Protein chains: 2
Amino acid sequence: MLQRRIDDHAPPSRESMREAQDIFYKHLKRVGLKHTDQRDTILRTFLETRDHLSTDELFRLVRKKDAKIGFTTVYRTLKLLAECGLASAVPFPDGMARYEHQFNRRNHHHMVCTECDASVEFFSPEVNKLEEEIGRKYHFDATRHNFQIYGICEDCRKRTRRPI
Amino acid sequence: MLQRRIDDHAPPSRESMREAQDIFYKHLKRVGLKHTDQRDTILRTFLETRDHLSTDELFRLVRKKDAKIGFTTVYRTLKLLAECGLASAVPFPDGMARYEHQFNRRNHHHMVCTECDASVEFFSPEVNKLEEEIGRKYHFDATRHNFQIYGICEDCRKRTRRPI
DNA sequence: AATGAAAATGAAAATCATTTTCATTTAGGG
DNA sequence: CCCTAAATGAAAATGATTTTCATTTTCATT
């Protein structure tokens, strides 16, 4: 899926990588699961991305690093990552399950173009504030949120000569 | 899917029903499609709901009115309704495609409990304002948005004795 | 009202993402 | 080093969604 961003992307530092691994392995220990090379590779691959990855897309990336890792393992690991908060599902209109990693990532939101399906990230502290306020108002223990704006991106508007 | 609301639900008035049908049939005409009883029944059934319906759930409702209407037709009609803006997909964590109708419906948002999957609607004019502002800021022709807050609802919190 | 071309319908089949099964291998505490 | 519980991954199962296709219906035009 085409994606653009309004900020730049640096690969995760060695320290933040280690920190994320720490979270992951503490979670594994807590629920009585084991540390494996496959899980390690999958986590590292995932952290290096910034996209909204489907299981299959992550699988393809993982395969480049270790061709012996199977789809099923990626699928299961992604679920584990979501369990411990390192990954979270992002609902996109294409209906496929997509995940993005949540580690050292400023809370961000998406604008999705309904013409070309491209998604652009943006940041809005106001939205974060709203989450908090609304949770309080309705006695809901809010932990995260999801905000997407749908519409026509600038490129598509230009292409189809449809001014705002 | 369990759903609660913070406002009351009245069935659509005869006029708004007609208005929606008008939108639908104008759209059909525009793209060279035909008016059929099935499409009529499906649209009417859909407008009478206020839920986040999967295709199958709508199909079951439609079947009560006309048992001869097939799943495929409901599926295809729902797509048509989405095309002309009368329906829109709501991404829920269960992964199934869910639609809600957009006709004469105040713009609303959802709080989804990650414990029991219940969803509660809420209204926030601020979110609508944000959509507009952000669209302007990033030169994005925003037409609609999607805002969901995930967390633990009051009931689940009480049940598990986990105070805020 | 009759005609005919284009579209709609719906049952069944196909597709495709996701999940489970199961035989085998591996991790890691004792 | 051993042993047991867990992990792996290939293949099969599942389940939602989409397509196919033979038949029926719509509707613009006679």
Side-chain angles (χ1 to χ4, degrees), chain A residues 1 21 24-43 45 52-84 87-99 117, chain B residues 1 21 24-43 45 52-84 87-99 117:
Chain A
M1 182 193 282
Q21 285 177 343
F24 187 36
Y25 290 121
K26 283 213 173 93
H27 174 72
L28 290 181
K29 195 147 250 177
R30 188 167 45 246
V31 295
L33 304 179
K34 289 169 180 172
H35 181 170
T36 67
D37 287 349
Q38 289 94 328
R39 284 175 176 167
D40 221 43
T41 303
I42 293 165
L43 172 60
T45 308
H52 314 116
L53 293 172
S54 66
T55 310
D56 193 62
E57 283 164 356
L58 181 59
F59 168 61
R60 284 162 202 277
L61 291 177
V62 165
R63 205 164 45 174
K64 286 185 195 164
K65 298 202 175 173
D66 181 347
K68 294 188 303 305
I69 298 180
F71 176 86
T72 316
T73 304
V74 173
Y75 161 78
R76 283 185 284 222
T77 305
L78 213 31
K79 267 191 139 176
L80 287 172
L81 293 175
E83 266 176 33
C84 64
S88 69
V90 193
F92 271 90
D94 71 358
M96 232 186 316
R98 290 179 177 279
Y99 295 83
D117 267 350
Chain B
M1 183 193 284
Q21 286 176 342
F24 187 36
Y25 289 120
K26 282 212 173 94
H27 173 73
L28 290 182
K29 195 147 249 179
R30 186 167 46 246
V31 294
L33 303 180
K34 287 168 181 173
H35 183 170
T36 67
D37 287 349
Q38 289 94 326
R39 285 175 174 166
D40 220 41
T41 303
I42 294 165
L43 172 59
T45 308
H52 314 117
L53 293 172
S54 66
T55 310
D56 193 63
E57 283 164 356
L58 181 59
F59 168 61
R60 284 161 201 279
L61 291 177
V62 165
R63 207 166 40 175
K64 286 185 196 162
K65 298 200 174 172
D66 181 347
K68 294 188 302 307
I69 296 180
F71 176 87
T72 315
T73 304
V74 173
Y75 161 79
R76 283 185 283 222
T77 304
L78 212 32
K79 268 191 138 178
L80 287 172
L81 292 174
E83 265 175 34
C84 64
S88 69
V90 194
F92 271 90
D94 71 356
M96 230 185 319
R98 288 179 178 281
Y99 295 83
D117 267 351

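Everything numeric here is computed off the predicted structure, so don't read it as measured data.
In this structure B/S88 satisfies the side-chain contact (heavy atoms from CB on, under 4.5 Å) test together with B/E100, B/Q102, B/R144, sequence neighbours excluded. With sequence neighbours left out, the side chain to side chain donor-acceptor pair (under 3.5 Å) criterion links B/K65 to B/E48. Listed by chain and number, the residues in a salt bridge (charged side-chain N to carboxylate O under 4.0 Å, His left out) with A/K79 amount to none (sequence neighbours excluded). With sequence neighbours left out, B/R63 forms a salt bridge (charged side-chain N to carboxylate O under 4.0 Å, His left out) with no residue at all. Legend: residues meeting side chain to side chain donor-acceptor pair (under 3.5 Å) with A/H27, ordered by chain and number and at least two apart, are A/R30, A/E83. Under the rule for a salt bridge (charged side-chain N to carboxylate O under 4.0 Å, His left out), B/K34 has no partner lying at least two apart in sequence or in another chain. With sequence neighbours left out, the side-chain contact (heavy atoms from CB on, under 4.5 Å) criterion links B/T36 to B/Q38, B/R39. Listed by chain and residue number, B/F71 satisfy the ring pair (Phe, Tyr, Trp, His ring centres under 6.0 Å) test with B/F59 (two or more places apart in sequence, or in another chain). For B/K64, the salt bridge (charged side-chain N to carboxylate O under 4.0 Å, His left out) criterion is met by no residue, not counting sequence neighbours.
With the nearest nucleotide of DNA chain D identified for both B/R76 and B/A97, B/A97 has the one nearer the 5' end.
DNA chain D lies under 4.0 Å from at least one heavy atom of each of the following residues of residues 31-43 of chain A: A/G32, A/L33, A/K34, A/T36, A/Q38, A/R39.
Residues A/D40 and A/F24 have side chains not in contact (no heavy-atom distance under 4.5 Å, counting atoms from C-beta outward).
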**Watson-Crick or G-U pairs under 3.5 Å in DNA chain D, rendered as dot-bracket with [ ] for crossing pairs and | for another strand** = ||||||||||||||||||||||||||||||
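With a heavy-atom cut-off of 4.0 Å to chain A, the contacted part of DNA chain C has its first and last nucleotide at C/dA17 to C/dG28.
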